Structure formats: C-alpha cells, structure tokens
Amino acid sequence: MYALRDKYAIAGIGWTEYSKKSGRTVRSLASEASLKAIDDAGLAVSDIDGFVSFNFNDSVPAISVATEIGVPAARYANDFLSGGNAANMIVLTAAAVIEAGLAETVLCYRAMNGRSGFRLGGGRDLSAYGITQFTAPFGWITYPQAMAMWCRRHMIEYGTTAEQLGEIAVTFRSNAVSNPRAMQRDPIVMNDYMASRMIVEPFRMLDICLETDGACAVLVTSAERARDLRRKPVYISGGAYGGGPDQGEDLFDAIRWPDHSHNYAKYIADDLWRSAGMGPTDIDIAQIYDCFTYSIIMQLEGLGFCGEGEGGPFVQGGRIARNGALPLNTHGGLLSEGYIHGLNHVVEAVQQLRGEAGPRQIPDVETCLTTAGAMTCGSAMVLRN
Amino acid sequence: MMSYAKPLPVLDSETKTFWEACRQAKLTLQRCAQCGHVRFPPTHFCSKCHSARHEWVESSGHGRVFSWIVVRHPVPRDVYASDVPYVVALITLDEGVRIPSNIVGIAPERVTADMPVRVIFREATPEITLPLFEPIPE
C-alpha cells in the first residue's frame with residue numbers, strides 16, 4: 001500500500017496546445033510541457049533530476065527530453081510501456097523514487113501525436129500474433145470494440161441504458177465549454193447524443209474519446225520543498241495501482257476476466273482509500289478516466305461511490321454536473337478536453353485544487369480523486385490542497 | 001482465388017494444436033494433466049497448479065452468449081466495409097471457458113444474452129479455418 005501520505009506533492013504543471021495535427025515532433029511536445037511545468041513551479045531546468053513517463057511505442061524516451069531541454073544530470077529515468085492505466089501510477093512512482101533517494105525533483109509527462117501520428121484507437125497491427133490471434137481474426141480489433149463488449153455486459157446484468165451513457169457525454173461536454181484547452185467546446189444535448197452515429201453497438205460516436213496531439217507534465221517533489229516553491233502544493237494523499245486476477249496478456253485481452261461489469265477499480269479501492277485515510281464521501285470532485293462513457297460507471301461502482309450496478313442511475317439527475325453532489329471531469333475529460341492518456345486529468349485536478357481553473361472552477365475544492373485505466377488494470381490517486 | 005485481407009492468426013508453439021484441430025473441424029481446449037483445469041487461451045503453464053503438462057480435449061462446441069457487440073463502423077474500412085454490420089461475441093462454452101468469435105446465421109438485432117450457440121467451421125485460407133458460432137434452433 002502507498003505509505004507516503006501527504007509526504008510528496010505536485011509543485012508544477014504544464015501542457016501544450018491539444019490539437020488534431022501538431023505538425024511537430026512528439027519530443028518537442030514533451031519538452032514544451034516539461035519546460036512549462038518547471039517554470040510553473042518556479043524551478044530551473046538544472047533542478048530536475050528524474051523523469052517518469054509512459055508510452056505505447058508512440059512517444060519518446062525520457063532521456064531524449066532531458067537532452068532537448070538541457071538537464072545537466074538526470075539521476076533517474078523510467079519509461080513505462082503501458083496504456084492509460086499508468087497515468088496515475090507514474091506520479092506515485094515519482095514519489096517512491098524520491099523517497100528512495102534516487103532523485104529529488106521528478107517530471108512526469110505523457111506526449112503523443114495521437115491523431116496525426118500513431119492512432120491508438122484504430123491503429124492496431126492486423127497481424128494477429130500472441131493473444132490477438134483469438135480476437136482480430138473475428139474483426140474484434142479496436143479499443144471501442146473492446147470496451148463495447150464490457151458495456152453490453154453491464155446492460156445485460158443491470159439494465160444500464162443509452163440515456164445514462166448520454167448523460168455522461170453531455171455533462172462532460174458542458175464542462176469543456178469553458179475550458180480553453182478543450183478540443184470540443186460546442187455544447188451538446190441528449191438528442192445530439194442519441195442521434196450520433198452508431199460505431200459499435202452499444203457505443204455511439206459520442207461515447208468514444210477524442211484523439212489528440214499534445215503533451216502534459218506534472219512535477220513532483222517533497223511536500224516540504226513544495227511549500228517553498230511558487231505555487232500552492234497539491235499533496236498526494238493516497239494512491240493505488242493494480243487489478244484483479246486474469247488481467248490478460250495485453251490491454252485488449254479480457255478473455256479470462258471473470259466479470260465484465262466490473263473493472264480494476266473494485267480491486268484497488270481498499271488500498272486507495274486506506275492509503276489516503278479517506279473514503280468516497282470525503283471526495284469533493286473527481287477526474288475519472290473516460291476513454292469511453294461507460295468506463296465512468298464501472299469506476300464509480302468499483303471505488304464505492306455507489307453500489308454494484310447502480311452506476312447508471314447514479315450519473316443521472318445532475319449529480320455529476322458542476323453544481324451537483326460529485327462534479328466529474330471538470331475539464332471535459334478524454335471525451336471532450338482531449339486524450340493525453342489520462343495525465344491531463346491530473347493537470348485539471350491540480351488546477352482545481354489550487355483554485356485557478358477560472359470560469360470552470362468548482363468552489364471550495366479541498367480533495368480530488370483522479371483515476372487512470374478502464375479495463376483489467378488501472379491506477380488512482382487522492383489529491384488534496 | 002481472392003487474397004484474404006482480414007487478420008489471420010499467427011500460430012505459435014502454444015496455439016498450433018488449437019488451429020490445426022480447427023482445420024479438422026474440431027474445437028479443442030487444453031486440460032491440465034495434473035489438476036484437470038480446462039483453460040483457454042492456450043498457455044504453457046496451468047495458472048491453477050503450474051504444471052506444464054496438458055492434453056487437448058475436444059469441446060462440445062456448445063455454449064451461450066455472454067456478451068456481444070455489433071460492429072457498424074468498419075475498421076479498417078477497406079477490410080470490413082462489406083461485412084458490417086457483424087456480431088462479435090464472448091461465448092461461454094459448456095466447459096466453462098470463454099472464447100471470442102462471430103455469431104453468424106442470425107440478424108444482429110436478434111442476438112440475445114445467454115442465447116445458446118454451437119460452433120461451425122469456416123475456411124479462411126487453405127491453412128486457416130476459423131471457429132464461428134451459430135444459434136441453436138430452440
């Protein structure tokens with residue numbers, strides 16, 4: 001269990017423009033977000049001595065970023081080969097690295113040309129080796145197709161409806177309207193959702209996240225040091241990573257997963273809440289990994305915000321809206337802000353906890369949950385100010 | 001004949017027997033020779049008892065639909081444009097394991113949860129035959 005409650009903090013954040021076509025190298029995007037996070041913290045490049053990132057063979061190694069921005073002595077670098085499930089785990093890893101004395105000031109970034117370059121959503125290799133020899137030959141190839149299979153199971157077991165998924169899409173879009181970073185800022189209503197094109201039943205176009213060129217970064221250092229820096233520290237109160245048994249051979253493989261109505265979240269909930277010394281009722285707002293609308297429902301249930309099977313009704317009636325009891329994805333999420341693979345949720349959490357989210361600021365935010373991952377493994381953190 | 005554009009399984013040391021049996025119109029599963037656990041997909045070790053010894057047993061080929069999707073938007077477009085809409089399902093075989101496949105011989109909108117299905121075999125290429133599933137008439 002994460003045993004470093006409030007001992008480490010996020011002291012800086014940075015991001016590039018989120019677009020469909022950056023026209024730039026992934027390395028330059030990573031470097032820009034990193035330089036901005038360093039500046040945000042009021043530090044110099046020479047203060048950085050560690051990097052943690054993750055990629056899907058679609059990014060650049062940390063040492064190349066350290067080289068481009070001129071870090072004189074990187075003492076730690078770790079490039080996880082992973083999906084969105086790692087987007088919170090890299091921040092926890094940064095804290096662990098500092099605790100171990102391997103570095104003092106660690107940059108966490110995710111950078112990708114996710115629309116103009118390698119497209120995670122549709123770009124899987126059609127040669128069906130390994131586990132994909134049992135999926136791809138049947139035309140089961142893309143992530144929307146993977147997750148739609150999970151969503152259908154929840155509908156079978158609990159009667160979850162298109163309107164409930166639609167409420168998530170509409171709510172997150174309304175949050176993105178006032179977010180200058182967001183790629184999709186035109187408001188939508190339920191009729192727009194219902195009329196959006198069916199891609200893979202039960203998913204419509206508006207159930208599926210964006211594809212984005214861009215990068216973001218967060219800078220982690222000790223809480224003690226963070227208190228002396230430019231910005232109000234955002235403390236890492238708790239965190240967890242993992243999933244259940246039979247997570248499979250890659251992110252697509254859920255052949256052996258026992259129960260597709262529940263994802264990794266139920267398996268990490270105890271660790272998460274015990275590490276933070278908090279529970280769901282202590283959380284003011286949450287940025288929950290939303291590669292698809294449906295992934296929100298499994299995580300709300302798994303982390304204990306509602307009972308099993310109650311996630312559909314839970315998101316209805318305005319509860320997750322900005323003025324509701326549990327505002328979710330106040331930046332618009334992966335669905336409407338952009339797909340920086342979940343690290344952009346951490347950036348938004350920091351802005352909300354600092355009180356610098358401008359017109360989309362939720363009043364009096366003291367705690368924020370972030371999550372990362374949607375299927376058989378994932379990570380989550382409790383952040384506070 | 002027209003070249004086959006869809007993904008084809010790349011056989012490896014663990015899966016070769018499964019696909020060769022499909023060519024003989026047999027759906028086979030690994031059964032641990034030590035503890036009897038039946039498993040799919042094929043692996044070297046049994047996850048229950050870690051034995052590397054196994055035998056291949058023929059499945060009844062019968063199962064039920066656990067979950068399913070209807071693909072409307074073809075990806076890649078040029079490969080699947082003439083196939084949509086098509087159904088991919090996770091099928092729970094009578095032996096207790098789940099296997100992904102297509103449900104054929106039924107309109108996509110008529111597929112239901114727990115629907116009983118049985119395996120049929122369709123030759124994709126001279127080397128590869130795919131196990132598909134069709135509804136069992138009530």
Side-chain angles (χ1 to χ4, degrees), chain A residues 119 121-159 196-205 207-208 245-250 252-261 292 294, chain B residues 4-12 14-16 18-19 22 39-43 47-48 65-77 79-80 83-92 97-104 108-109 111-114 122 124-125 128-133:
Chain A
R119 296 176 67 180
R124 286 181 70 97
D125 190 339
L126 287 183
S127 54
Y129 50 83
I131 192 66
T132 60
Q133 68 188 285
F134 298 108
T135 55
F138 306 103
W140 201 28
I141 294 166
T142 69
Y143 282 105
Q145 292 166 359
M147 200 74 194
M149 191 76 82
W150 293 63
C151 184
R152 173 85 72 185
R153 190 60 205 171
H154 203 276
M155 291 173 158
I156 292 166
E157 282 202 71
Y158 301 116
S196 90
R197 190 157 57 101
M198 197 59 92
I199 301 298
V200 47
E201 293 176 27
F203 283 163
R204 294 167 169 78
M205 180 74 100
D207 288 302
I208 300 168
D246 292 322
Q247 291 178 36
E249 293 175 30
D250 73 8
F252 199 100
D253 175 16
I255 295 173
R256 284 161 285 202
W257 187 252
D259 170 9
H260 299 67
S261 290
F292 305 98
Y294 168 59
Chain B
Y4 189 82
K6 295 174 193 170
L8 283 168
V10 178
L11 280 53
D12 58 46
E14 289 161 8
T15 65
K16 195 163 148 273
F18 174 89
W19 290 111
C22 284
R39 62 187 193 258
F40 181 86
T43 50
S47 67
K48 303 292 179 199
V65 172
F66 176 75
S67 189
W68 80 98
I69 59 172
V70 182
V71 178
R72 298 268 171 195
H73 174 70
V75 183
R77 182 180 297 278
V79 176
Y80 287 100
D83 288 298
V84 291
Y86 64 90
V87 176
V88 184
L90 269 177
I91 295 142
T92 308
V97 301
R98 290 207 190 99
I99 182 169
S101 185
N102 299 121
I103 307 290
V104 297
E109 55 277 14
V111 175
T112 56
D114 280 333
R122 189 169 290 176
T125 68
I128 296 294
T129 293
L130 298 174
L132 308 184
F133 286 79

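Computed from heavy atoms alone, side chains included, the values below leave out hydrogens, waters and symmetry copies. Please read these numbers as outputs of a predicted model, since none were measured by experiment. Naming: A, B, ... by sequence-line order, numbering from 1 per chain.
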Nearest heavy-atom neighbours spanning [X] and [Y]:
{"X": "A/F138", "Y": "B/P100", "answer": "CE1-O, 3.5 Å"}
{"X": "A/T142", "Y": "B/V75", "answer": "CG2-CG1, 3.5 Å"}
{"X": "B/Y80", "Y": "A/A136", "answer": "OH-O, 3.5 Å"}
{"X": "B/R98", "Y": "A/W257", "answer": "NH1-O, 3.1 Å"}
{"X": "A/P137", "Y": "B/P9", "answer": "CG-CD, 3.7 Å"}
{"X": "A/Q133", "Y": "B/W19", "answer": "OE1-NE1, 2.8 Å"}

Answer whether the closest heavy-atom distance between the side chains of [X] and [Y] falls below 4.5 Å.
{"X": "B/L90", "Y": "A/M149", "result": "yes"}
{"X": "A/V200", "Y": "B/R72", "result": "no"}
{"X": "A/I131", "Y": "B/P41", "result": "yes"}

Considering only heavy atoms and a distance below 4.5 Å, find which of B/T15, B/L11, B/L130 pairs most often with chain A. B/T15

Look at B/A89, B/S47, B/P108, B/P74 and state which one has the largest set of heavy-atom pairs under 4.5 Å with chain A. B/A89

Quick one: do B/W68 and A/E201 satisfy side chain to side chain donor-acceptor pair (under 3.5 Å)? Show the steps, please. CA-CA 9 Å; B/W68 80 98; A/E201 293 176 27; 5.9 Å; no

CA sep, side-chain torsions, deciding dist, call: A/R152, B/V70, side-chain contact (heavy atoms from CB on, under 4.5 Å): CA-CA 10 Å; A/R152 173 85 72 185; B/V70 182; 4.1 Å; yes

Of the backbone (N, CA, C, O) and the side chain (C-beta and beyond), which part of A/I156 lies under 4.5 Å from a heavy atom of chain B, both, or neither? side chain

Just so I understand: if I count every heavy-atom pair under 4.5 Å between each of A/M198, A/R256, A/M205, A/M155 and chain B, which residue has the most? A/R256

Look up atom CZ in B/R39 and atom CD1 in A/I255, then write down how far apart they are to the nearest 0.5 Å. 14.5 Å

Apply the test side-chain contact (heavy atoms from CB on, under 4.5 Å) to residues B/D12 and A/Y129: give CA-CA distance (whole Å), side-chain angles for both, the deciding distance (0.1 Å), then the verdict. CA-CA 8 Å; B/D12 58 46; A/Y129 50 83; over 6 Å; no

Stepwise, does the ring pair (Phe, Tyr, Trp, His ring centres under 6.0 Å) test hold for B/Y86 with A/W140? CA-CA 10 Å; B/Y86 64 90; A/W140 201 28; over 10 Å; no

